[in-house]
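Encoded as structure tokens, the structure appears first; notes follow it.
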Amino acid sequence: MGGKVKIWNPVEIAEQAKNDYASQIFPSLLTIDPSLSLPQMTPLVTNLCKDMFKDWSNLDDSCFIVDKISGGITNLLLKVSIEQGDSVNAIITIRLYGPNTEHIIDRHRELQAIKYITSAGFGATWLGIFGNGIVQSFINAHTLEPSDMRDPKLVPKIAKQLKRFHHVEIPGSKEPQLWNDIWMFFEKASVLEFDDSEKQKTYKTVSFREVQDEINELQVLCDRLKSPVVFSHNDLLSGNIMVNHEEGIHIPQLWNNYASVLLLYILFLYILYKLYFIDYEYASYNYRGYDIGNHFAEYAGFECDYSLYPNMNDQYHFFRHYLQPDRPHEVSENDLKTLYVEANTYALASHLFWSLWGLIQAKMSPIDFDYLGYFFDRYKEYKRQKEKFVLLALSYLSECRS
């Protein structure tokens, strides 16, 4: 099956990682088909763990408990608990990459980034690599829902964490990848042929000449904004943000009096939320405005409910905590407006990027998801918002000149 095809040489990558990664990366040549059911997959996962980590090679198969954490659009995440007697000795996560995702994701670029992202203290620690996936440490947290990203308690945390993420340094070229990736997607998306006649009929309604013109026009406008280039996540949707409410302080000790209750509330808002960014499949150097605008577009979720797109006040709340996390109320009105223009103009680019991505996935992905419908939802929203945000950007540029 497609999912069993090796997408890299694990031994070579583990050897290369010795040069610039603090911990040893353990390789295995095995592969696991992500389309299998969990019961079918469990013995394969057990064999992978034994092959990769020699200390576990003699453990009985019953010591390995495999659970599904989530099944994303491009990968499957598994939790493996190693239990001996009445205790859990270790927990790891295994990320299985979906078949044909190499058509839309540069896996080698992703691995290059993971080494430095984890070294900078983000997400899970990289532990191992196999034929079609990686092994990481387990994060005791849960992913957000789209509605959670609007939570006033979480917005400052997300903004502050994104600011930190944008300061990660990755060796090599710092050329922003947005337009390279969009044009690559355009080239692939514009020459597809579907075996399903209904899908082919729907696909033929797409005007790629129009899409090409839209990309050209928007690229020229975005370039004029001169948004700073930073290392970007590029896919900061709710499923790629995890939060742990339980780390930190032992809550029952605080319930002694009114002052303690008040302290508990403050701690709950500002300390107990341990936030993580995960999944660096699309991470690269990119425009600050794009990473933030793309995040705002993801408030809509895969259902594409764009009534949830944040208004100006909500965006300014985010910007204040992004620009000056320690003194958010000291951010100038000019800085807020600049970032507002950047984020919303580049949100248009986000719609173009993910709409083209949807077309390619409609052809390549075996996952049961209406990717063609997703293209039309994203492209429709691009056209609905285009006039408003293009005029906003042009007005801003005119003010800057004068």
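Each residue takes its place number in the sequence, starting with 1. Small disclaimer: the values here were computed from a predicted structure and weren't measured.
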Practice item. Report, as yes or no, whether the 6.0 Å neighbourhood of atom CZ on R224 holds more than 12 heavy atoms from other residues, nucleotides or ligands. Key: no

Review point. Any ring-ring contact (aromatic ring centres under 6.0 Å, His included) pairs touching residues 381-402, not counting sequence neighbours?
Key: Y379-Y382

Practice item. Please state whether the rings of F319 and Y340 are parallel, tilted or perpendicular, taking 30° and 60° as the class boundaries. Key: perpendicular

Practice item. Look at the side chain of D148 and the backbone N and O of E145, then say whether any donor-acceptor pair between them is shorter than 3.5 Å. Key: yes

**Study point:** From CG (L394) to CG (L391), nearest 0.5 Å
**Key:** 6.5 Å

Review point. Closest approach of A393 and L225, non-hydrogen atoms and distance?
Key: CB-CD2, 4.4 Å

Review point. Would you call K363 and E193 a salt bridge, taking side-chain N to carboxylate O under 4.0 Å as the test?
Key: no

Point to revise | S232 side-chain N/O to N234 backbone N/O, donor-acceptor pair under 3.5 Å | key: no

Check your understanding: Between F296 and F318, how do the two ring planes meet: parallel, tilted or perpendicular, split at 30° and 60°?
Key -> perpendicular

Practice item. Decide whether N89 and Q84 meet the rule of one side-chain donor and one side-chain acceptor closer than 3.5 Å. Key: yes

Point to revise | Intermediate values then yes/no, side-chain contact (heavy atoms from CB on, under 4.5 Å), R378 and S350 | key: CA-CA 9 Å; R378 295 296 300 247; S350 168; 3.0 Å; yes

Exercise for review: State the CH2-CD distance between W126 and Q24, to the nearest 0.5 angstrom.
Suggested key: 12.0 Å

Practice item. Scan side-chain atoms only and decide if Q385 and E381 contain a donor-acceptor pair under the 3.5 Å cut-off. Key: yes

Exercise for review: Please report the shortest heavy-atom distance between I13 and L111, naming the atom on each side.
Suggested key: CD1-CD1, 3.6 Å

Practice item. Kindly check if the number of other-residue, nucleotide or ligand heavy atoms within 6.0 Å of NZ (K204) is above 12? Key: no

**Study point:** G123 versus I139, closest heavy-atom pair with distance
**Key:** C-CD1, 3.8 Å

Check your understanding: Do M364 and K188 have side-chain heavy atoms sitting under 4.5 Å apart?
Key -> no

**Study point:** Ring centroid separation F375 to W357 under 6.0 Å
**Key:** no

Point to revise | Backbone N/O of Y371 and side chain of Q361: donor-acceptor pair under 3.5 Å | key: no

Exercise for review: Inspect the surroundings of NZ in K163 and state if more than 12 heavy atoms from other residues, nucleotides or ligands are less than 6.0 Å away.
Suggested key: yes

Exercise for review: May I ask you to check if K199 and F194 form a cation-pi contact, with NZ or CZ under 6.0 angstrom from the six-membered ring centre and within 45° of the axis?
Suggested key: no

Practice item. Decide yes or no for D314 and V155: does some side-chain heavy atom of the first lie under 4.5 Å from some side-chain heavy atom of the second? Key: no

Point to revise | Donor-acceptor contact present, side-chain T345 to main-chain E342, <3.5 Å | key: no

Study note, to complete from the structure: When every non-hydrogen atom of F130 is compared with those of W8, the smallest separation belongs to O-NE1, 2.6 Å

Exercise for review: Check whether any side-chain heavy atom of K115 sits under 4.5 Å from a side-chain heavy atom of I117, and report yes or no.
Suggested key: no

Exercise for review: Return yes when atom CG of N311 has more than 12 non-hydrogen atoms of other residues, nucleotides or ligands closer than 6.0 Å, and no otherwise.
Suggested key: yes

Review point. Are Y309 and Y299 near enough that their ring centres are under 6.0 Å apart?
Key: no

Review point. To the nearest 0.5 Å, how far apart are OG in S147 and CG in L308?
Key: 8.0 Å

Practice item. Answer yes or no: is there a side-chain heavy-atom contact under 4.5 Å between I215 and W179? Key: yes

Check your understanding: Do V211 and F186 have side-chain heavy atoms sitting under 4.5 Å apart?
Key -> yes

Exercise for review: In sequence, state the C-alpha distance, the side-chain angles, and the governing distance for L144 and N240, and then conclude on side-chain contact (heavy atoms from CB on, under 4.5 Å).
Suggested key: CA-CA 8 Å; L144 300 184; N240 287 339; over 6 Å; no

Exercise for review: Please report the C-alpha distance between L48 and I94 in whole Å, then the side-chain angles of each, then the deciding distance to 0.1 Å, and finally whether the side-chain contact (heavy atoms from CB on, under 4.5 Å) criterion is met.
Suggested key: CA-CA 10 Å; L48 172 67; I94 294 179; 4.0 Å; yes

Exercise for review: Please find out if less than 6.0 Å separates the ring center of Y306 from that of H351.
Suggested key: yes

Practice item. To the nearest 0.5 Å, tell me how far I65 CD1 sits from I91 CD1. Key: 11.0 Å

**Study point:** pair Y346-R288: side-chain heavy atoms closer than 4.5 Å
**Key:** no

Check your understanding: Just by modelled atom types, is the E281 backbone N or O under 3.5 Å from a matching donor or acceptor in the D279 side chain?
Key -> no

Review point. Between CD of Q40 and OG of S35, what distance do you get to the nearest 0.5 Å?
Key: 8.0 Å

Exercise for review: Describe, in one word, how the ring planes of F165 and H233 are oriented to each other, choosing from parallel (under 30°), tilted (30 to 60°) and perpendicular (over 60°).
Suggested key: tilted

Practice item. Carefully, step by step, assess S332 and N334 under the rule side chain to side chain donor-acceptor pair (under 3.5 Å). Key: CA-CA 5 Å; S332 71; N334 186 61; 5.2 Å; no

Exercise for review: Verify side-chain contact (heavy atoms from CB on, under 4.5 Å) between I241 and M149, making sure each step is shown before the conclusion.
Suggested key: CA-CA 9 Å; I241 304 173; M149 295 195 296; 4.0 Å; yes

Check your understanding: Just by distance, with hydrogens left out, do D291 and H166 show a side-chain donor and acceptor under 3.5 Å apart?
Key -> yes

Point to revise | Under 3.5 Å donor-acceptor, K388 side chain and R384 backbone | key: no

Review point. Do the two ring centres, one from Y276 and one from F122, sit under 6.0 Å apart?
Key: no

Practice item. Mark yes or no for whether Q161, through its side chain, and L275, through its backbone, hold a donor-acceptor pair below 3.5 Å. Key: yes

Check your understanding: Would you say L236 and E298 make side-chain contact, with heavy atoms under 4.5 Å?
Key -> no

Check your understanding: Quick check: does any side chain N or O of D51 sit under 3.5 Å from a backbone N or O of N47, one acting as donor and the other as acceptor?
Key -> no

Check your understanding: Does the pair R320/D335 count as a salt bridge with the N-to-O cut at 4.0 Å?
Key -> no

Practice item. I would like to know whether Y116 and F231 meet ring-ring contact (aromatic ring centres under 6.0 Å, His included); could you show each step before the answer? Key: CA-CA 11 Å; Y116 297 96; F231 188 75; 9.2 Å; no

Review point. Any donor and acceptor pair, going by atom type alone, linking the side chain of N244 with main-chain N or O of N140 inside 3.5 Å?
Key: yes

Revision key, fill the gap. When every non-hydrogen atom of I292 is compared with those of A343, the smallest separation belongs to CG2-CB, 4.0 Å

Review point. Backbone N or O of A362 within a donor-acceptor pair of the S365 side chain at under 3.5 Å?
Key: no

**Study point:** Least distance between heavy atoms, D33 atom then M41 atom
**Key:** O-CE, 3.7 Å

Check your understanding: Do the side chains of L339 and V341 get nearer than 4.5 Å, heavy atoms only?
Key -> no

Point to revise | Pairing of E210 and K383 as salt bridge, 4.0 angstrom limit | key: yes

Review point. Looking at CZ of F138 and CG of L78, how far apart are the two atoms once the value is rounded to the nearest 0.5 Å?
Key: 12.0 Å

Check your understanding: With a cut-off of 6.0 Å (strictly less than), are more than 12 heavy atoms of other residues, nucleotides or ligands near NZ of K226?
Key -> no

